[in-house]
2 protein chains.
Amino acid sequence: MLKLTKRADYGLIALKHLATQERRANGSGEVGATTKEIAELYRIPVPHLAKVLQKLVREGFLRSAQGSNGGYRLAKEASQINALEVIRVFDGPVILTSCFTDHGGSCEQSERCNVREPLRKIHEGILGLLASITIADMASDDPLAHQPLVKLYAKPGAASEVHQGDSEQAIQRVHDDAVSGPLGRNLTGQRREELREC
Amino acid sequence: MLKLTKRADYGLIALKHLATQERRANGSGEVGATTKEIAELYRIPVPHLAKVLQKLVREGFLRSAQGSNGGYRLAKEASQINALEVIRVFDGPVILTSCFTDHGGSCEQSERCNVREPLRKIHEGILGLLASITIADMASDDPLAHQPLVKLYAKPGAASEVHQGDSEQAIQRVHDDAVSGPLGRNLTGQRREELREC
DNA sequence: GGAAATAGGACAAGACTAGTCCGGTTTCAT
DNA sequence: ATGAAACCGGACTAGTCTTGTCCTATTTCC
């Protein structure tokens, strides 16, 4: 289905939450939040979130404090954690076609197939996008006010009919941006509202 | 695992193959290739590929001819079919978090959660990338000679440590491009070779 | 010593993926 | 007509992945 797993989703949510709790977790070693707090706030099953947080500790994104008054805090600056790192922890490598990584050069389908090179370019673009956003970006108050992340150059003449339910406007926006400016600018309040479903 | 399914992969491969067989399939209604031909060429199980091709017919990407001497040809211009459309046929909607589309406004986790807006921006970028490449692009001889698809602006100070096996160079390349130019330029022959695993 | 919290292994239901199997239909060539 | 070649499409299966739950430690504070 080409989507993030809940685990990755929960991981990002938790990291972002902890990034906004840093005041509680300044130098003295205090924790930002407990599993229970985060789970209740975001309606995540407690034991499941616990697994996610434990994994984030093992991978070096979080530091934990055991015992009562325990909890979690970020192990590094929120600006030094990007979405790709987190997603890879939970979902494994991000790959478009298995051919990119599955084997050591013994691709059965490769000789005649040149689907791969163009897809690889897309693949790199996706990795770049994911790597370019940090937890700090997510934690700031108005994400739409951010610097543009990506500027898409739609090729003239390329197929541009895109219909995917409510993300139609989103694509249209990307296409607009190719002409009128970077992502996030030139948006009226109303169009911003259209993009907010959740 | 955030990857395309084999079905989508096979679909793209088949479409790309048929796009290069257009000479056999000019106006007279001749077909470009049969299931068996494509399956053998790319080492895909015949019955499985058949399903994929049948679906592409139902979705309007291919036209089929039954009976002996039958087969498939593109139903529209290769330049009018983009990768996103094809991927959506097989893998369903491309969504980063289920929250984008799952519900009609009743997101349990939404009130306090602002992970979504930044992710949505990434999501739009990915859709834009996928929508910007067409079957015609894939079918041309040297994909690396293409116009740049995307130009990434890495934010200064953003986390840039990215390690994912062999795609490390890929990311590095994206980052280089943020400084030195669009994707695909400034590549020595050797670095091109590094990117080709398959 | 008890409460609160993290740590982590085992396990299970359900969904999805990849692929097989089989019977049917259409069309062409002989 | 008849058979071969090809498309059509539903049913099924083995395996894997996802999303949890459950239970038992272990640590730390009061």
Side-chain angles (χ1 to χ4, degrees), chain A residues 1-11 13-14 18 29-40 42-59 61-73 75 87 89-93 95 97-99 102 108-109, chain B residues 1-11 13-14 18 29-40 42-59 62-73 75 87 89-93 95 97-98 102 108-109:
Chain A
M1 215 176 303
L2 206 56
K3 57 180 288 196
L4 295 187
T5 61
K6 296 256 189 199
R7 287 192 297 265
D9 212 3
Y10 295 161
I13 287 172
L18 288 166
E30 291 179 30
V31 299
T34 67
T35 305
K36 201 168 157 224
E37 284 170 13
I38 300 175
E40 286 174 356
Y42 299 103
R43 313 284 206 283
I44 300 171
V46 174
H48 200 202
L49 179 63
K51 297 282 187 217
V52 168
L53 295 176
Q54 285 162 26
K55 182 136 195 170
L56 287 173
V57 171
R58 283 195 297 271
E59 300 290 332
F61 295 100
L62 293 182
R63 262 205 284 268
S64 64
Q66 287 195 334
S68 85
N69 293 350
Y72 296 94
R73 52 176 302 199
I87 290 168
V89 163
F90 294 105
D91 293 358
I95 45 186
T97 71
S98 52
C99 192
D102 268 5
E108 297 292 320
Q109 297 162 352
Chain B
M1 215 176 300
L2 205 58
K3 58 180 288 195
L4 295 187
T5 61
K6 295 255 188 199
R7 287 194 297 266
D9 212 3
Y10 294 161
I13 287 172
L18 288 166
E30 290 179 32
V31 298
T34 68
T35 305
K36 202 170 156 222
E37 284 169 12
I38 300 175
E40 286 175 355
Y42 299 103
R43 311 284 205 285
I44 302 170
V46 174
H48 201 201
L49 179 63
K51 296 281 189 224
V52 167
L53 295 176
Q54 284 161 28
K55 181 137 195 169
L56 287 173
V57 170
R58 284 195 296 272
E59 299 291 331
L62 293 182
R63 263 204 283 269
S64 64
Q66 287 196 333
S68 82
N69 293 350
Y72 295 93
R73 52 175 303 199
I87 290 167
V89 163
F90 295 105
D91 294 358
I95 44 184
T97 70
S98 53
D102 268 4
E108 297 292 321
Q109 298 164 350

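Letters A, B, ... mirror the listed sequences (proteins, then strands); counts begin at 1.
- Listed by residue number, A:K51 are the residues of residues 45-52 of chain A with a heavy-atom contact under 4.0 Å to DNA chain C.
- In terms of phosphate contacts, A:R58 brings no side-chain nitrogen or oxygen within less than 4.0 Å of OP1 or OP2 of C:dA7.
- Note that CG of B:L49 is 11.5 Å distant from CD of B:E37, once rounded to the nearest 0.5 Å.
- When all heavy atoms of B:L4 and B:D91 are compared, the closest pair comes out as CA-OD2, 3.6 Å.
- Within the 4.5 Å cutoff, side-chain heavy atoms of A:L18 are placed close to those of A:I38.
- Residue A:Y10 places its side chain closer to D:dG20 than to any other of D:dC7, C:dG19, D:dG20.
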Return the polar atom pairs (N/O with N/O) between nucleotides 26-30 of chain D and the protein under 3.5 Å, or none.
residue : atom : partner : partner atom : Å
D:dT27  : O4'  : A:Q66   : OE1          : 2.8
D:dT27  : O2   : A:G67   : N            : 3.1
D:dT28  : O2   : A:S68   : N            : 3.1
D:dC29  : O4'  : A:S68   : OG           : 3.2
D:dC29  : O3'  : A:N69   : ND2          : 3.3

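- When rounded to the nearest whole Å, the span between CZ of A:F61 and P of C:dT6 equals 19 Å.
- When the side-chain contact (heavy atoms from CB on, under 4.5 Å) test is applied to B:R7, the partners found at least two apart in sequence or on another chain are B:T5, B:H48, B:V52, B:F90.
- Residues satisfying the side-chain contact (heavy atoms from CB on, under 4.5 Å) test with B:E59, not counting sequence neighbours, are B:K55, B:F61, B:V89.
- The CD atom of B:E40 sits 13 Å away from the P atom of D:dA5 (whole-angstrom rounding).
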Between protein and nucleotides 13-15 of chain D, what N or O pairs are separated by less than 3.5 Å?
none

